[in-house]
Amino acid sequence: MEELSRRNLLRASGAAAAVGTVGMAAPTWAWSPAGSLAGANAGTAAQTDPKHVWDDEADTVVRALFERGEVARVNDLLKKWVKNSDPLPAGLPADLVAFLEKARKLPSWADEKKLADAVTFNTKRGLYLGVLYGFVSGMVSTVIPQEALAVYYSKGGYNLKDRISKTAKFGYDIGSLNAYKPGGEMIVTAVKTRLAHAGVRYLLPQSHTWTGRAPEDVPISQADLLVTWHSLPTLVMRMLNDWKVPIPAKESEGFLHSWQVSGYMLGLREEYIPKSWAAAEAQAKIVFDPILRPTPEGLKLADALLDLGKQIDGTLLTRGVLEALTRYMLGEQIASWLKLTRQPLWDTLLKVAWRPFVAVREGILPLPFMPAMAWAFDEILRQFVLLYMSEFRKIQIQIPVVNNPA
Ligand code: HEM
């Protein structure tokens with residue numbers, strides 16, 4: 001990985017301006033480390049552009065597993081590691097054990113009270129979070145070029161809907177009751193995801209179809225991780241604020257905290273993790289908003305996601321409804337990039353009735369203001385939650401062993 005990273009650094013510094021590819025924009029890192037968890041005293045590391053930083057610790061261990069032909073055996077053993085408090089399964093290679101024992105430790109700044117506030121937030125806002133994580137973040141990921149390319153050309157590209165759903169499930173579970181407690185599973189899920197990402201970093205550069213299409217030689221840099229991070233909590237918070245959902249400061253802070261912890265457990269460095277919502281917004285304006293654009297691979301991902309409800313009898317989550325939800329929630333620009341069809345009935349209904357519906361649900365407007373058709377919104381939200389509770393319940397995260405042969 002060091003070899004590839006160095007190569008990428010050289011390539012990036014020389015070619016960034018010439019290529020002019022979106023996502024590879026400015027070679028300098030404009031975000032101030034003062035806004036990070038590590039703070040202003042993080043040293044020069046904090047100034048390093050996250051496009052040129054990956055996850056050396058995880059990458060070194062996973063590369064060694066591949067080179068020793070141990071990935072399948074390790075994947076098998078790791079199936080038995082489920083709960084945060086579970087001991088590591090016997091028989092794992094020593095270098096992996098050393099990595100996992102370190103990686104499973106929560107950061108010193110993890111705050112139980114704030115994590116409890118995140119649970120309150122999730123319990124109260126769970127109905128909205130189903131559609132936000134389960135669908136809106138997923139649709140946005142289809143216009144994040146690096147992610148769409150990595151997902152499409154990796155093994156997950158076989159089953160796009162399933163792949164996107166798992167990221168959504170990750171988000172939804174972060175705020176579950178005992179996520180980071182001994183009986184919970186979030187530490188294991190995050191660390192396994194970190195390993196899966198290291199596997200992707202090892203495999204994708206060997207894919208003839210991926211190389212050359214992406215503006216980076218090695219996928220899932222710290223910058224890429226930040227982009228996807230913003231597509232989850234930052235976007236969720238933007239939406240809820242936009243819909244005028246009242247959120248007590250403690251809960252909003254708790255929600256952010258749960259995502260700071262999750263970012264850390266996924267291998268994000270403290271000097272890149274925003275310390276506040278204001279810092280997150282400032283960072284999103286640099287790393288997230290400007291890089292969104294469509295790609296042929298993203299369009300295929302979006303197409304698969306819009307068929308989310310296809311196998312469910314009698315569902316309201318039809319393609320037309322999902323197209324209208326995307327247009328309403330993510331706006332005309334993204335709707336046109338994704339070539340979405342206009343849905344006169346649902347487009348109008350959402351425009352006219354969504355905000356009053358939220359206001360009544362939140363007790364801001366009295367019941368008589370509930371639009372007549374708003375029962376359908378309630379049902380849509382409920383069906384998203386059900387979908388995530390049932391279909392995507394069992395998440396078995398493994399180090400991928402092959403790329404998408406497509
Ligand atoms: C795998 C979550 C960032 C690309 C996974 C998995 C999860 C996940 C839960 C395991 C799913 C599975 O086993 O199929 C997240 C979260 C992220 C993040 C929460 C950030 C906060 C990224 C980024 C990229 C990416 C930035 C690419 C630029 C992938 C790929 C896989 C994967 C290609 C492997 C799929 C496969 O081939 O099996 N991620 N991810 N992820 N992720 Fe991420």
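A quick note: this is a predicted structure, and the numbers were derived from the prediction, not measured. In each ligand, atom 1 is the first atom listed, and ligand 1 is the first ligand listed.
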Chemist: Give a yes or no on whether the ring-centroid distance for Tyr264 and Trp109 is below 6.0 angstrom.
Modeler: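 Yes, close enough.
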Chemist: Any atoms of ligand 1 less than 4.0 Å from a non-hydrogen atom of Val200? List them with their elements.
Modeler: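 In order of numbering, the contacting atoms are 30 (C), 31 (C), 33 (C), 34 (C).
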Chemist: Side chains of Ser221 and Glu216: closer than 4.5 Å at any heavy-atom pair?
Modeler: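 Yes, at least one pair of side-chain atoms sits under 4.5 Å.
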Chemist: Please state which part of Leu225 comes within less than 4.0 Å of ligand 1, counting heavy atoms only: side chain, backbone, both or neither.
Modeler: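 The answer is both, backbone and side chain.
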Chemist: Got a salt bridge between Arg238 and Asp289, using NZ or NE/NH1/NH2 to carboxylate O under 4.0 Å?
Modeler: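 Yes.
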Chemist: Quick one: does His197 get an N or O within less than 3.5 Å of an N or O on ligand 1?
Modeler: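 Yes; the residue has a nitrogen or oxygen that sits under 3.5 Å from a nitrogen or oxygen of the ligand.
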Chemist: Taking both backbone and side-chain atoms of Gln146, is any N or O found less than 3.5 Å from an N or O belonging to ligand 1?
Modeler: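 No: no nitrogen or oxygen of Gln146 is under 3.5 Å from one in ligand 1.
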Chemist: Between Thr189 and ligand 1, which part of the residue brings a heavy atom under 4.0 Å of the ligand: side chain, backbone, both or neither?
Modeler: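 None of Thr189 does.
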Chemist: Any luck finding a side-chain donor-acceptor pair between Tyr180 and Ser262 under 3.5 Å?
Modeler: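 A pair is found: one side chain offers a donor N or O, the other an acceptor, under 3.5 Å apart.
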Chemist: Going by the rule side chain to side chain contact (heavy atoms under 4.5 Å, CB included), which residues pair with Lys80 if we only count those two or more places apart in sequence or in a different chain?
Modeler: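 Per chain and number, Lys80 pairs via side chain to side chain contact (heavy atoms under 4.5 Å, CB included) with Leu77, Pro89.
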Chemist: Heavy-atom contacts with Ser154 under 4.0 Å: which atoms of ligand 1 show up? List them by number with element.
Modeler: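 What qualifies from ligand 1 is 33 (C), 35 (C), 36 (C), 37 (O).
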Chemist: What are the atoms of ligand 1, with element, lying closer than 4.0 Å to any heavy atom of Ala150?
Modeler: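 By the 4.0 Å cutoff, the relevant atoms are 27 (C), 33 (C).
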Chemist: Tell me whether Lys300 is salt-bridged to Glu297, with the criterion being a basic N under 4.0 Å from an acidic carboxylate O.
Modeler: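 The answer is no: the pair does not qualify as a salt bridge.
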Chemist: What are the atoms of ligand 1, with element, lying closer than 4.0 Å to any heavy atom of Trp229?
Modeler: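 Contacts of ligand 1 toward Trp229, numbered from 1: 21 (C).
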Chemist: Tell me the nearest of Leu204, Ile220, Ile144 to atom 4 (C) of ligand 1, using heavy-atom distances.
Modeler: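 The residue whose heavy atom sits nearest atom 4 (C) of ligand 1 is Ile220.
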Chemist: Given side chains that start at C-beta, do those of Lys114 and Val261 come closer than 4.5 Å, heavy atoms only?
Modeler: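 In short, these two side chains do not touch, never coming nearer than 4.5 Å.
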